[in-house]
Amino acid sequence: DAGAKPAWQRFVRDLRAPLFAELGFDPRAGAYVGEDPERTVRRTTVIESLALTGHDPAIRATLSAAAARRIAGDQAALDPMWDLTAFTVHVEEGGLPAARALIEQGLASTDERFRQAALLAPAASGRPEVARWLLDELTDKRLRVTEKRYMLGSIIGEKDTAEYGYQWLKDHLGELT
């Protein structure tokens, strides 16, 4: 139903709004150093929910802008705890050009945590054109077989790319084993 998704997103935003108001949000590196870990976990859950499920426009804009600055080299723009969420939003909003830039940064990185987020976020974006590029055209030798498997799992896990991912898996199973 066309109205169900916007209604669900609105419900999630309304549900999480009081916690967001209480916890606040600053994506910059180190913004919550020294904070009670329980509060940090609560904030992470709220922000992920608002950004990825509720599609809160303000939070998505903040995350995407911080991701773009981090990808451009500003390490202080985004704390690593937000990498996967911010990068996913960035690719959801920016499509294939954003995915290509992020994948290149991930493949060039020696920081394993950054690399993992940079490589998985495009696959988790639910963008069919990104999924096709990742599975059919990305042949960079720096991409590990295990990383391709994780990408495929994320592609299959997204509603808008699942069917393509399953078909690709059937056609290419030997390459992944």
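- A heavy-atom distance below 4.5 Å is found between the side chains of L138 and M151.
- Here CZ of R115 is found 4.0 Å from CD of E147. Values are rounded to the nearest 0.5 Å.
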Take R60 and H90, measure what side-chain contact (heavy atoms from CB on, under 4.5 Å) needs, and give me the verdict at the end. CA-CA 8 Å; R60 289 175 65 85; H90 185 67; over 6 Å; no
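- With a 6.0 Å cutoff to the six-membered ring centre and a 45° limit on the axis angle, R43 does not count as a cation-pi contact of F25.
- Judged by distance alone, with hydrogens and angles left aside, the side-chain atoms of R13 form a donor-acceptor pair with the main-chain N or O of G54 at under 3.5 Å.
- Relative ring orientation between F87 and F114 is described as perpendicular, the plane-to-plane angle rising above 60° on a 0-90° scale split at 30° and 60°.
- Within 6.0 Å of CZ on R28 lie no more than 12 heavy atoms contributed by other residues, nucleotides or ligands.
- Residues A124 and S154 share a closest heavy-atom pair of N-CB, 4.0 Å.
- In the hydrophobic cluster analysis, where Ile, Leu, Val, Met, Phe, Trp and Tyr join through side-chain heavy atoms closer than 4.5 angstrom, L173 is grouped together with I156.
- No side-chain heavy atom of R70 sits under 4.5 Å from any side-chain heavy atom of D74.
- Within the 4.5 Å cutoff, the side chain of P27 has no heavy atoms near those of the D79 side chain.
- Although no hydrogens or angles enter the test, the distance criterion places no donor-acceptor pair under 3.5 Å between the side chain of S109 and the main chain of Q105.
- Heavy atoms only, all atoms of each residue included: D83 and A117 are closest at CB-CB, 3.7 Å.
- Under 4.0 Å is where a charged nitrogen must lie from a carboxylate oxygen, and between E158 and R127 no such pair does.
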Quick one: do F20 and I59 satisfy side-chain contact (heavy atoms from CB on, under 4.5 Å)? Show the steps, please. CA-CA 10 Å; F20 175 71; I59 290 172; 3.8 Å; yes
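- Under a hydrophobic clustering in which Ile, Leu, Val, Met, Phe, Trp and Tyr are joined whenever their side-chain heavy atoms come within less than 4.5 Å, directly or via other members, V130 and L84 fall into different clusters.
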Does the pair S64 and E93 meet the rule for a side-chain hydrogen bond (donor to acceptor under 3.5 Å, both in side chains), with working shown? CA-CA 8 Å; S64 188; E93 301 290 329; over 6 Å; no
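- Atom CD of Q167 and atom CD of E163 lie 8.0 Å apart (nearest 0.5 Å).
- Proximity of E175 to R149: side-chain heavy atoms (C-beta onward) are nowhere separated by under 4.5 Å.
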Output, in order, the C-alpha distance, side-chain angles, deciding distance and verdict of salt bridge (charged side-chain N to carboxylate O under 4.0 Å, His left out) for E104 and R142. CA-CA 10 Å; E104 178 53 38; R142 298 172 294 173; 2.8 Å; yes
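- To the nearest 0.5 angstrom, T45 atom OG1 is 6.5 Å from R16 atom CZ.
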Report the C-alpha separation of I103 and L134 in whole Å, then their side-chain angles, then the decisive distance to 0.1 Å, and conclude whether the side-chain contact (heavy atoms from CB on, under 4.5 Å) test is met. CA-CA 9 Å; I103 290 289; L134 290 171; 3.9 Å; yes
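- Interatomic distance, Y32 OH to M81 CE, rounded to the nearest 0.5 Å: 6.5 Å.
- For the pair A51 and V89, the tightest heavy-atom approach, listed with the atom from each and the gap, is CB-CG2, 4.1 Å.
- The shortest side-chain heavy-atom distance between I47 and L23 does not fall under the 4.5 Å cut-off.
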side-chain contact (heavy atoms from CB on, under 4.5 Å) assessment of H172 paired with L135: CA-CA 10 Å; H172 298 88; L135 295 177; over 6 Å; no
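- Here the CG-CG distance, from L63 to L78, works out to 7.5 Å after rounding to the nearest 0.5 Å.
- Between P122 and A118 the shortest heavy-atom distance is CD-O, 3.1 Å.
- V91 and L120 sit in two unconnected hydrophobic clusters of ILVMFWY residues. Membership requires side-chain heavy atoms under 4.5 Å apart, directly or through other members.
- Contact of the L96 side chain with the W133 side chain is registered, since non-hydrogen atoms from C-beta on lie closer than 4.5 Å.
- Taking CD1 from I155 and OG1 from T161, the interatomic distance works out to 6.0 Å, rounded to the nearest 0.5 Å.
- By the 4.5 Å heavy-atom criterion applied to side chains, W82 and T44 are counted as neighbours.
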